[in-house]
Structures are given as C-alpha cells and as structure tokens.
Amino acid sequence: MGGKRGTTVALALMSAVAVALLVAFWRLARTGDVDVALTNGGAVFMAAVGVAFMVLTYMQGD
C-alpha cells in the first residue's frame, strides 16, 4: 500500500480497531462475560470496516 489511498485505508482500519476495542471493553465492564464482549467487539469491527470501505469506494468515483 502506498500513497494517499494506502494511508486512508490504514486510518480506516485503525479507526475500526479502536471502536471495536472500545465496545468490547464497554461490554466486558457491563456484563463481565468475555465471550459477549468478544462477540460484540468483533461484530462492531466488521461493521466499521464494511462502512469504511463502502465510503472509500463511494468517494473514489470512476
């Protein structure tokens, strides 16, 4: 990866990881169940990555 697109993709992935970790720790604190926290964190990560790449694809244009 290089250039502006590579940097944008890296920032999108870092943002998705940060949000997923935040949700996972929040769910762990609320429920005390590691499995629930990991499931929710993983789901949020996949959703955040999906949205980020949809936005990047839309903004790229043809």
Side-chain angles (χ1 to χ4, degrees):
M1 283 192 292
K4 186 177 178 182
R5 179 148 173 88
T7 303
T8 305
V9 169
L11 287 173
L13 289 175
M14 287 190 304
S15 298
V17 168
V19 170
L21 283 173
L22 180 67
V23 168
F25 282 125
W26 178 73
R27 290 300 291 172
L28 181 61
R30 298 276 297 175
T31 64
D33 189 0
V34 175
D35 290 335
V36 171
L38 289 175
T39 302
N40 286 324
V44 168
F45 175 75
M46 294 305 292
V49 168
V51 168
F53 281 109
M54 282 189 280
V55 169
L56 287 173
T57 302
Y58 177 76
M59 290 178 66
Q60 180 181 8
D62 288 330

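Annotation for A20 and F45: closest pair CB-CB, 3.6 Å, computed over non-hydrogen atoms.
Under the side chain to side chain contact (heavy atoms under 4.5 Å, CB included) criterion, L11 pairs with T7, M14, sequence neighbours left out. Residues that satisfy the side chain to side chain contact (heavy atoms under 4.5 Å, CB included) test with A24, not counting sequence neighbours, are absent from this structure.
When hydrophobic clusters are built by joining Ile, Leu, Val, Met, Phe, Trp and Tyr residues whose side-chain heavy atoms come closer than 4.5 Å, directly or via intermediates, V17 is not grouped with W26.
With values rounded to the nearest 0.5 angstrom, F25 atom CZ is found 14.0 Å from N40 atom CG. For the atom pair CZ of R27 and OG1 of T39, the computed distance is 10.0 Å after rounding to the nearest 0.5 Å. Note that the CG atom of L28 and the CG atom of L21 stand 11.5 Å from one another [nearest 0.5 Å].
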Side chains of residues 46-55: which donor-acceptor partners sit under 3.5 Å, not counting sequence neighbours?
none

